[in-house]
Amino acid sequence: MEHEQINIELKVELLDSYFGDGRAYIMGPEKDCWYLYTLLPLEGTVDALEKEQSEVGQRGASEPDQTIEILMSDLDPAVMDIFTRATSKTAAEATRESGIDKIIPGMVIDDFLFDPCGYSMNGVAKDGCYMTIHITPEPSCSYVSFESNVPAANYDELIARVLSAFRPNKFVLTVFATPVSLCLL
């Protein structure tokens with residue numbers, strides 16, 4: 001465990017050397033945690049952030065922007081099997097069979113099924129909102145990431161659709177939002 005902690009500290013140091021004013025966070029219990037590294041906008045400096053906030057104050061409220069991310073692991077093997085060439089012949093077949101096409105209806109989906117396994121998709125709505133999903137289906141290291149900027153005051157239904165589609169045993173959920181985002185009003 002001590003070796004892992006030193007390794008994490010070295011990685012944070014390296015990221016800090018590139019980005020300046022980032023912040024590292026550990027989410028979850030020590031034996032089963034996720035690491036998050038965030039950056040301040042505009043060159044990654046405190047001065048730039050203060051300048052941006054001052055400009056926002058002069059113009060009025062900032063633009064609403066929010067992103068939901070669900071990082072899932074230890075997934076249902078039957079669901080993960082959909083994302084193999086042995087089960088699905090095309091990406092479109094995997095998209096329909098898994099229910100990805102129903103997570104956020106109305107998205108135009110560009111999907112790819114890797115050989116022999118794996119899946120990636122990007123979806124875009126007419127209003128410019130997006131969703132993206134990446135899947136590593138191998139039983140020893142199954143992982144799915146879901147991200148979207150669809151505005152919502154409450155994400156309960158979206159979260160339920162995502163979790164129902166992939167059936168993870170573990171997941172981490174984050175929502176990033178500006179102060180005037182729908183989820184904060």
Side-chain angles (χ1 to χ4, degrees), residues 1-12 14-15 22-39 66-125 129-150 152 154-177 183:
M1 191 60 89
E2 186 176 312
H3 180 298
E4 184 178 324
Q5 183 61 33
I6 291 169
N7 193 18
I8 296 300
E9 289 171 9
L10 290 173
K11 288 177 183 177
V12 170
L14 177 66
L15 289 169
R23 298 285 187 270
Y25 300 92
I26 299 173
M27 299 167 54
E30 194 173 311
K31 291 184 180 193
D32 189 23
C33 62
W34 292 73
Y35 298 94
L36 174 68
Y37 189 86
T38 63
L39 298 173
Q66 59 194 64
T67 304
I68 181 171
E69 293 181 66
I70 307 173
L71 310 175
M72 298 164 271
S73 59
D74 192 14
L75 294 119
D76 184 313
V79 173
M80 292 298 96
D81 195 46
I82 295 169
F83 303 101
T84 66
R85 287 282 180 174
T87 300
S88 298
K89 301 302 175 214
T90 67
E93 183 181 330
T95 299
R96 279 189 312 276
E97 183 65 28
S98 64
I100 286 173
D101 58 334
K102 292 177 182 59
I103 292 176
I104 302 176
M107 290 266 170
V108 174
I109 293 177
D110 181 23
D111 48 12
F112 190 83
L113 182 64
F114 296 92
D115 191 10
C117 66
Y119 174 91
S120 184
M121 70 76 67
N122 293 298
V124 180
C129 290
Y130 72 87
M131 78 170 165
T132 184
I133 298 171
H134 304 286
I135 301 172
T136 302
E138 292 88 347
S140 62
C141 57
S142 63
Y143 175 79
V144 175
S145 66
F146 169 88
E147 178 181 320
S148 180
N149 69 340
V150 170
N154 181 317
Y155 280 120
D156 289 353
E157 289 181 25
L158 178 61
I159 294 165
R161 286 192 300 270
V162 171
L163 297 180
S164 176
F166 299 110
R167 299 195 297 261
N169 284 310
K170 300 176 186 177
F171 70 92
V172 172
L173 183 139
T174 57
V175 175
F176 297 93
C183 68

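From Arg85, atom CZ reaches atom OG1 of Thr90 across 7.5 Å, with rounding to the nearest 0.5 Å. Here CG of Asp156 is found 11.0 Å from CZ of Arg161. Values are rounded to the nearest 0.5 Å.
Tyr37 is linked by a ring pair (Phe, Tyr, Trp, His ring centres under 6.0 Å) to nothing, counting only residues two or more places apart in sequence or in another chain. Every residue two or more places apart in sequence or in another chain that forms a side chain to side chain contact (heavy atoms under 4.5 Å, CB included) with Asp81 is listed here: Thr84, Thr87. Residues satisfying the side chain to side chain contact (heavy atoms under 4.5 Å, CB included) test with Glu97, not counting sequence neighbours, are Ile82. For Ser142, there are no side-chain hydrogen bond (donor to acceptor under 3.5 Å, both in side chains) partners at least two apart in sequence or on another chain. Annotation: side-chain hydrogen bond (donor to acceptor under 3.5 Å, both in side chains) contacts of Tyr130 (sequence neighbours excluded): Glu147.
Looking at Phe83 and Thr136, their side chains never come closer than 4.5 Å, going by heavy atoms from C-beta outward.
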Using a 3.5 Å cut-off and no angle test, enumerate the donor-acceptor pairs between side-chain atoms of residues 99-119 and protein atoms at least two apart in sequence or in another chain.
unit_1	atom_1	unit_2	atom_2	d
Asp111	OD2	Thr95	OG1	2.5
Tyr119	OH	Thr95	OG1	2.6

Please set out all donor-acceptor pairs under 3.5 angstrom arising from side-chain atoms of residues 162-177, sequence neighbours excluded.
unit_1	atom_1	unit_2	atom_2	d
Arg167	NE	Asp76	OD2	2.9
Arg167	NH2	Asp76	OD2	3.3
Asn169	ND2	Asp74	O	3.0
Asn169	ND2	Asp74	OD2	3.4

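A side-chain donor-acceptor contact under 3.5 Å links Thr132 and Asn122.
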key: Test side-chain contact (heavy atoms from CB on, under 4.5 Å) applied to Tyr35 and Ile26, step by step   = CA-CA 5 Å; Tyr35 298 94; Ile26 299 173; 3.7 Å; yes
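Of all heavy-atom pairs spanning Ser145 and Leu71, the tightest one is CB-CD2, 3.8 Å.
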